[in-house]
Amino acid sequence: MRVALGVSYSGSQYEGWQSQLSGNTIQDKLEAALGKFAARPVRVMCAGRTDAGVHGLMQVVHFDTDLQREMASWVRGTNAFLPRDIAVQWAHRVPADFHSRGSATARRYAYVVLESAVRPSVEVGRVGWVYRPLNEAAMQSAAHALIGEHDFSSFRAAQCQAKSPIKTMHRIEISQRTQGSSAYWRFEFEANAFLHHMIRNVMGCLVAIGQGSQPPEWMADVLLARRRNAAAPTFSPDGLYFLGPVYDPVYGLPTRTPAFDWLP
């Protein structure tokens, strides 16, 4: 039987998703918890690996098992062995041809950024931070240059293992919510796939444009350069959330979890 899980986590205390010798990754913690519940080793495949410090609102994983349990038991039983900042949100039985990564038609991320003269405190790690005002119109204009199929080499980390830098950006949405003298900015990205550090590098450019260091037209120049050193420095992972993959509705998998609803 193949089982898919929706998993949420705060990435602040972990070395990213992918298993490491230290054992301090989301994958390591999840597989250890599943192994304790199942009383046998369980290996999972995820929809999209996240970096150290990046959070997940609905990471999707799958695994194969011959253990017969109710789907609700996989949720409650696994959560009993997980740290407080990682939780399985749902479990569904899926067909044998379902693959958490290969079956995904798109992936979604959100960046939450605090614009404030004072750095965050209780939100540290949960929001990015800028102290100079951002210009929404300039960032919207710049983001438009990235929509569609492009070679995103300028936004690709040197250690990226993707076979091709050509990806299709479906949408970028930018909004703000003002509170007193501060503002929370939300940047949502959806693409068929992302390169390593692609969103963080795009964000570095959007912030530079939003703060007036570069004109909106610069984004198109960076894209066409196809060189990492043509772009701005990589933005902090603080405030970056993996919203999860998109699947064909035929699989009947949830598209949201309660964790979505508290983000600005």
Side-chain angles (χ1 to χ4, degrees), residues 11 16-18 46-60 99-113 128 130 134-175 185-211 213-247:
W17 166 266
Q18 190 170 12
C46 75
R49 291 175 291 184
T50 51
D51 294 337
V54 177
H55 314 296
L57 298 193
M58 199 179 71
Q59 174 71 268
V60 176
H99 191 281
S100 57
R101 180 170 300 181
S103 298
T105 58
R107 290 158 182 84
R108 304 165 294 161
Y109 283 85
Y111 238 120
V112 179
V113 177
V130 295
L134 296 172
N135 183 305
E136 182 174 357
M139 294 188 294
Q140 295 278 15
S141 177
H144 184 72
L146 302 178
I147 302 300
E149 184 179 84
H150 301 287
D151 183 329
F152 283 93
S153 292
S154 293
F155 307 99
R156 180 180 192 173
Q159 60 269 43
C160 181
Q161 299 176 0
K163 294 180 180 179
S164 171
I166 298 175
K167 305 298 175 188
T168 302
M169 186 75 76
H170 297 155
R171 65 181 177 91
I172 301 176
E173 297 179 3
I174 304 172
S175 59
W185 291 87
R186 181 170 174 147
F187 300 78
E188 281 206 22
F189 302 85
E190 182 176 318
N192 65 333
F194 291 91
L195 302 169
H196 190 199
H197 284 179
M198 177 173 157
I199 300 177
R200 291 175 60 188
N201 293 330
V202 167
M203 274 297 299
C205 292
L206 285 174
V207 168
I209 291 167
Q211 294 182 330
S213 299
Q214 297 288 349
E217 302 79 38
W218 178 64
M219 185 69 86
D221 294 338
V222 171
L223 183 66
L224 291 174
R226 300 178 184 176
R227 292 181 292 103
R228 176 66 193 96
N229 60 7
T234 306
F235 200 65
S236 165
D238 294 351
L240 179 56
Y241 297 81
F242 181 41
L243 301 181
V246 177
Y247 297 111

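FYI, side chains are in, hydrogens and waters are out, and symmetry mates aren't considered; it's all heavy atoms of this structure.
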Heavy-atom nearest pair, I209 first then A142, reads CD1-CB, 3.5 Å
Counting distance only, does the side-chain N/O of H150 pair as donor-acceptor with the main-chain N or O of F152 below 3.5 Å?
no
Rounding to 0.5 Å, atoms CG (L206) and CZ (F189) come to a distance of 5.5 Å
State whether the number of non-hydrogen atoms from other residues, nucleotides or ligands found under 6.0 Å of Q161 atom CD is greater than 12.
no
Value rounded to 0.5 Å, distance of CG in L146 from CE in M198:
7.5 Å
Distance-only, no hydrogens or angles: does the R107 side chain make a donor-acceptor pair with backbone N or O of N192 under 3.5 Å?
yes
So, taking the atom named CE in M169 and the one named CD in E190, what distance separates them when rounded to the nearest 0.5 Å?
10.0 Å
Calculate, to the nearest 0.5 Å, the distance between atoms CG and CE belonging to L134 and M139 respectively.
4.5 Å
Verify the ring-centre separation between Y111 and F235: is it less than 6.0 angstrom?
yes
Residues R226 and S153: closest non-hydrogen pair is O-CB, 3.7 Å
Taking the side chain as every heavy atom from C-beta outward, state whether M203 and V113 have any pair of such atoms under 4.5 Å apart.
yes
Examine distances only and state if a side-chain atom of Y109 and a backbone atom of F187 form a donor-acceptor pair shorter than 3.5 Å.
no
Considering residues, nucleotides and ligands other than H99, do more than 12 of their heavy atoms fall under 6.0 Å from its NE2?
yes
Return the minimal non-hydrogen interatomic distance between N201 and A157, and the atom names on each side.
ND2-N, 4.3 Å
Treating T234 as the side-chain partner and R200 as the backbone partner, does any N or O pair qualify as donor plus acceptor under 3.5 Å?
no
E188 bridged to R171 by N-O distance under 4.0 Å
yes
Rounded at 0.5 Å granularity, tell me how far OG1 in T168 sits from CD1 in I147.
10.5 Å
Test item: R156 side-chain N/O and A162 main-chain N/O as donor-acceptor pair under 3.5 Å:
yes
Just one of F242, F194, F155 clears the side-chain contact (heavy atoms from CB on, under 4.5 Å) bar with I199, so which one?
F194
Can you see which heavy atom on T105 is nearest to which on H170, and at what distance?
O-CE1, 4.1 Å
Do side-chain atoms of R49 reach the backbone of H196 as a donor and acceptor pair under 3.5 angstrom?
no
Mind listing the closest non-hydrogen atom pair of W218 and A232 along with its distance?
CH2-N, 3.7 Å
Please check if the side chain of Q140 supplies one atom and the backbone of I174 the other of a donor-acceptor pair under 3.5 Å.
yes
Are P245 and V60 side-chain neighbours, meaning at least one heavy-atom pair lies under 4.5 Å?
yes
Measuring from C205:SG to M219:CE, what's the distance to the nearest 0.5 Å?
5.0 Å
Heavy-atom closest pair, residues A225 and A230:
CB-CB, 3.6 Å
Return yes if some donor-acceptor pair links the side-chain N/O of E136 with the main-chain N/O of S175 below 3.5 Å, else return no.
no
Look only at the side chain of S154 and the backbone of V222, and say whether a donor-acceptor pair between them is shorter than 3.5 Å.
yes
